[in-house]
Amino acid sequence: MVHQYKLNDYNIVLDTCSGSVHAVDEVAYDIIAMYEASTEEEIVKAMMEKYGDREDVTVEDIKLCIEDVKTLKDQGKLFTEDTFEPLAGVFKKNSGDVIKALCLHVAHTCNLNCHYCFAAQGKYNGERAIMSIETAKRAIDFLIENSGTRRNLEVDFFGGEPLMNWDVCKETVAYARSIEKEHNKNFRFTLTTNGVLIDDEVIEWANKECANVVLSLDGRKEVNDRTRKDYAGNGSYDRIVPKFQKLVEARGGKDYYMRGTFTHYNTDFTKDIFHMADLGFTELSMEPVVSKPGDDAALTEEDMPILKEQYEILAKEMIKREKEGKPITFYHYMIDLTGGPCIYKRISGCGSGTEYMAVTPWGDLYPCHQFVGEEKFKLGDIWNGVSNKEQQEEFRRCNAYARPECQDCWAKLYCSGGCAANAYHATGSVTGIYEYGCEIFRKRIECAIMIKVAESMDPELAKKVEEEAAANAGINDKMMPDDCADDCNNCGSDDEEPRRC
């Protein structure tokens, strides 16, 4: 499958199954569009009718270009056949019941009352609760017991607001560190926080123990404080921004993300991204809200053209800032066209319900944090393991080829079938399609690829990117964790770096 689009004066051709990206002139762009369904004579005639008045386009030029297209096809770089579908079910089956990550809901309570909160202000439509240290320790044991030969294991402290159960976070890490060597494991912890309770002790601990910290801020003060308020109705911006700046500075500007949400009220969300950059934050993420229909914050069909334009504005500004030596990273534009992610990850997706699970304060297991509170999705608990095998198998079947609507989508090997939670909340099925989210995702990938094209075609920009990559080697390598090299047995490759498959 080939996807063609024009963006920022580039004519871009993506060969979906090989991952090859071609930046071409307009004549080659049109020839590729006709190539599969037309004869050489038909292509030459059409091109001469369109470009024949140009001195630099001759019949011979067109025939040479057609030959180049044929060569690329023969090399497997254009019109590549999709041979991955038979592997879709095999990969996850090969992974068995090995778990690599847990999301620990250490606090089902929150000190903010955010309007759009999918977790119902941290309660997940249930009772407020905090996790005991005994439950947290058992969760660590459960992960070790069910991780097979995987060495690298991930645990995210989540809520509600996890710092409302700060002592348990600290004690959980201390416990994991005390037993990881004897089990030949390496724990990587992440903290997701709204920032209200950050202090010097939290900063010191997070910088020592957390591989990544996710910080919640929606951007401009007026935007953030419209939705991210406390229970007295006060906005959080003035309290959290200085704390975030102090934490990020102490981390050396590395291994964190500012994570925002945009709604119908700030469809000009690039202004929020650039505002955060101006505050000194360079590692940025901004997610579209997923709201119930009728919610005044919900994104509308009328918003879509605005959002697409905003993503283009962001991509162009990122190129500009890179040239100026003031680069920013946008999470959804992080894309590696040469090394990964491997085909296993491209097909299999996030692993919710199989490799990744959420743990409630009571020790119940759910496929991920967005399913907590949905009783039918309860998989079991950390004492007895997964008992709801039928539900788990439904998640095991989720992949890039599980949905009929995905078959003809050029982006399926980038989204891996999309988010099961978003699909469920939009359609009532984990194998449904959240089409609004799909449209946004496709636009983001187009922009991400365009940035890579711009980098490759501008020698000055390419040099800056290379220098930055060398200076930041190992930083924000989130898409290719080292499990790919030392833990992954899914693809059966003998390659030392199966991520390159």
Side-chain angles (χ1 to χ4, degrees), residues 101-140 143 154-173 176 187-199 201-203 205-206 209-218 224 227-232 235-236 239-240 243-244 247 256-261 285 287 289-290 352 356-374 377-378 381-382 421 425:
L102 290 180
C103 182
L104 291 192
H105 287 223
V106 293
H108 270 198
T109 187
C110 192
N111 43 18
L112 291 184
N113 185 27
C114 303
H115 170 74
Y116 52 63
C117 182
F118 77 91
Q121 288 67 47
K123 295 181 294 182
Y124 292 84
N125 298 310
E127 298 295 322
R128 295 187 183 276
I130 60 172
M131 183 179 287
S132 69
I133 185 57
E134 291 76 22
T135 300
K137 286 181 176 180
R138 175 55 204 158
I140 295 296
L143 180 54
E154 300 180 12
V155 175
D156 183 16
F157 292 113
F158 202 74
E161 173 48 46
L163 292 181
M164 293 185 74
N165 197 6
W166 165 227
D167 287 339
V168 164
C169 294
K170 289 188 294 183
E171 292 179 48
T172 302
V173 171
F187 280 95
R188 295 188 289 207
F189 291 95
T190 297
L191 172 69
T192 299
T193 177
N194 63 32
V196 172
L197 296 176
I198 288 177
D199 57 20
E201 185 183 2
V202 170
I203 291 173
W205 173 82
E209 300 291 0
C210 293
N212 196 28
V213 180
V214 181
L215 309 171
S216 297
L217 176 70
D218 284 353
N224 182 86
T227 52
R228 301 190 64 79
K229 301 177 181 180
D230 62 21
Y231 282 87
S236 59
R239 280 179 285 175
I240 63 178
K243 295 181 179 185
F244 286 162
L247 183 147
Y256 75 95
Y257 269 103
M258 300 302 303
R259 196 276 190 200
T261 298
S285 172
E287 302 277 355
V289 70
V290 179
S352 58
Y356 167 85
M357 296 179 192
V359 183
T360 69
W362 306 277
D364 293 332
L365 293 168
Y366 285 85
C368 85
H369 58 286
Q370 292 196 70
F371 287 102
V372 169
E374 302 273 1
F377 289 107
K378 179 181 172 182
D381 60 56
I382 56 177
H425 292 129

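The two residues C103 and H369 have their closest heavy-atom pair at SG-CB, 4.1 Å. Nearest approach of H105 to A358, heavy atoms of both residues: NE2-CB, 3.8 Å. Of all heavy-atom pairs spanning E161 and C110, the tightest one is CB-SG, 4.0 Å. Here the closest heavy-atom approach between residue F244 and residue N194 is recorded as CZ-O, 3.5 Å. Taking all atoms of both residues into account, the shortest heavy-atom contact from T261 to D218 is N-OD1, 2.9 Å. Residues I382 and T135 share a closest heavy-atom pair of CD1-O, 3.5 Å.
Take E201 and apply the side chain to side chain contact (heavy atoms under 4.5 Å, CB included) test, not counting sequence neighbours, and it matches W166, K170, D199. Applying the side chain to side chain contact (heavy atoms under 4.5 Å, CB included) criterion to K137, with sequence neighbours excluded, gives I133, Y175. Residues satisfying the ring pair (Phe, Tyr, Trp, His ring centres under 6.0 Å) criterion with F189, sequence neighbours excluded, are F157, F187. For K378, the salt bridge (Lys or Arg N to Asp or Glu O under 4.0 Å) partners at least two apart in sequence or on another chain are D364. Under the side chain to side chain contact (heavy atoms under 4.5 Å, CB included) criterion, S216 pairs with R228, sequence neighbours left out. Remark: I130 engages A107, T109, N165 in a side chain to side chain contact (heavy atoms under 4.5 Å, CB included) (not counting sequence neighbours).
With rounding to the nearest 0.5 angstrom, the OG atom of S132 is 12.5 Å from the CZ atom of R138. Annotation: the span from Y366 atom OH to T360 atom OG1 amounts to 6.5 Å, rounded to 0.5 Å. From I203, atom CD1 reaches atom CG of L247 across 5.0 Å, with rounding to the nearest 0.5 Å. Here the CG-OH distance, from N212 to Y256, works out to 10.5 Å after rounding to the nearest 0.5 Å.
Between V155 and I140 the shortest side-chain heavy-atom distance falls below 4.5 Å. Between D156 and L104 there is no side-chain heavy-atom pair separated by less than 4.5 Å. Contact of the S236 side chain with the N224 side chain is registered, since non-hydrogen atoms from C-beta on lie closer than 4.5 Å. Residues M357 and F371 are not in side-chain contact: their nearest non-hydrogen atoms beyond the backbone lie 4.5 Å or more apart. Between L163 and L191 the shortest side-chain heavy-atom distance falls below 4.5 Å. Taking the side chain as every heavy atom from C-beta outward, T192 and R259 never approach each other to under 4.5 Å.
Between the D230 side chain and the L112 main chain, no donor and acceptor come within less than 3.5 Å of each other. N113 places no side-chain N or O within 3.5 Å of a backbone atom of K229 that could act as its donor or acceptor partner.
Using bins of under 30°, 30° to 60° and over 60° for the plane-to-plane angle, the ring pair H108/W362 lands in the perpendicular bin.
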